[in-house]
Amino acid sequence: MLDDEQLATARRRNWLVRDLPANRPAPALSGSLAGLSYFAKDLFDIAGSVTTAGSAALAGRTAASADAALIGQLSAVGAQLCGTTNMDPLAYGFVTSNPHFGRAMNPHDPERICGGSSGGSAAVVAAGLVPFALSSDTSGSIRVPAAFCGVYGYKPSAGWLDGDGMQALSPTLDRPGLLARDAAMLARLFDVLTRKARATGGAPLRVARLGGYLREGCAPEILEAVDHFAHVAGARTMIEVPWAAAARGAAYVLVAAEAGQTHLRQLARQAEVFDEQTRHRLAAAALVPQAWVSRAHAVRQAVLNQFDMLFADHDLLLAPAVPCLAPLAQALDRSADDDRLPLRASLGIYTQPISLVGAPVVAVPLPTRSGLPTAVQVIARPDADSRLMGWVTDIAAAL
Amino acid sequence: MTRSGTSGLHHDVRHRLRAAGLGNLASEASAITAHWQVILTMAAAFDAPAIAAGDSEDGGPQGA
């Protein structure tokens, strides 16, 4: 369990949201994760507590009658839930700057952001408070904070982790996932929560870097770290992905459309319960016309076909997780050098295209010469999660 | 974007808000427009079809 000083630090740095109900039953005394503590992002149901997803807009709901499926699985094997972590309201953002709970401060530099939307979860792991945290990823919400805070992240293929009891943002692209301090911890969680065997050993996997759009505008020290990892991994080739910009646009519009529709009724009747930034984002999202959604789905299918073809010659693909090191909070609304969108809107540039195809990804943290961490996305074909996790476990030992 | 283009986009967003049943947010159209512009940029990236522009001079994603 955490000591008082750790909890005080976590609160002072705006990493936490909800305490647990006082009468919460203890986890199993024995089991494969007995004795381990963890936090969950504030969008997982906890029996007897209202699931707010970091937003006052959901505070009027009734308390959850049962734990989210993943929390139930973890309790059954002895893991101790400690509370919930800060996030962008309703998981719609890449910053974890929450109007109710403050901006989550990066453990490496409090002036910098943690990334989002799972910033609180990444921070408590990176700071060593807990060995892992439950999280979610729609457009990059695990991979971006994993990179900015320097922890492992796992975004699974659809159905590999049970998302029952997790507040939705975009049902098409939402995935529950994990953040962990190291590859061994991530692998243990994978074994317990997916009940699938990791594929280890066997013939060496064919690994390649993704190029073009998935490296454009990336900070040199991040490319240096990713390329060093690629060298260790034996990735000699680089593949161009001409569909990446369209995939990013389609992912962005799909998520916006689904988020807008999810909250449309409440926006019309009780707009004032949403904080200003979220209200404005969701209102714009609610304006996405159906014709764009249809087109985005068609693009998704076309991209899926092209993505699948990449795996005729390769098993795993590498790409940076983020275009920059964790930004200073005050720099978020500036435009990047040659990008007309503000930095805030550009943080998911390398994660959103991969989200569209539903590929499983492990974000592997890497050091940079700046002293701040980053991460590389290790990407597999959908439903090749066992192979992906096995390879990551092996390569982590070589780093 | 020109000042007249921005003004037209605000007007278009106000129109779309009312059409979506969000007339209660029409007074916040200016702030909502900033987010709508990002969506327009993303829609243009995958050649989303043109939509009726209301009385906007920007004409949907192709004009963003």
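None of the values given here were measured: they were computed from a predicted structure. So you know, we letter chains A, B, ... as the sequences are listed, proteins then strands, and number each from 1.
- Contacts of Ala296(A) with chain B are made by both backbone and side-chain atoms, with heavy-atom separations under 4.5 Å.
- A donor-acceptor distance shorter than 3.5 angstrom exists from the side chain of Asn24(B) to the backbone of Leu267(A), with no hydrogens or angles considered.
- How far NE2 of His35(B) is from CG of Leu287(A): 11.5 Å, rounded to the nearest 0.5 Å.
- Interatomic distance, CG of Leu22(B) versus CZ of Arg269(A), reported as 12.0 Å (0.5 Å rounding).
- Residues Gly21(B) and Ala268(A) come closest through the heavy atom pair O-CB, 3.5 Å.
- Ranked by heavy-atom pairs under 4.5 Å with chain A, the first of Ala34(B), Ala20(B), Ala31(B) is Ala31(B).
- At a 4.5 Å heavy-atom cutoff, the contact between Leu17(B) and chain A is made by backbone and side-chain atoms alike.
- When heavy atoms are compared at a cutoff of 4.5 Å, Ala256(A) approaches chain B solely by way of its side chain, counted from C-beta outward.
- In this structure, Trp292(A) and Trp36(B) have parallel ring planes: the angle between them is below the 30° cut-off, well short of the 60° mark.
- Counting heavy atoms from C-beta outward, Val38(B) and Tyr252(A) have side chains that approach closer than 4.5 Å.
- Put simply, CZ on Phe46(B) and CG on Leu254(A) are 7.0 Å apart, with the number rounded to the nearest 0.5 Å.
- Nearest heavy-atom pair, Gly249(A) versus Ala45(B), reported as atom, atom and distance to 0.1 Å: CA-CB, 4.4 Å.
- Against chain B, no residue from residues 86-99 of chain A qualifies, as none has a non-hydrogen atom under 4.5 angstrom away.
- A donor-acceptor pair under 3.5 Å is absent between the side-chain atoms of Arg248(A) and the main chain of Met42(B), judged by distance alone.
- The choice from Arg265(A), Arg281(A), Gln352(A), Gln277(A) that makes the most heavy-atom pairs within less than 4.5 Å of chain B is Arg281(A).
- Proximity to chain B (any heavy atom under 4.5 Å) is shown, for Leu282(A), by neither the backbone nor the side chain.
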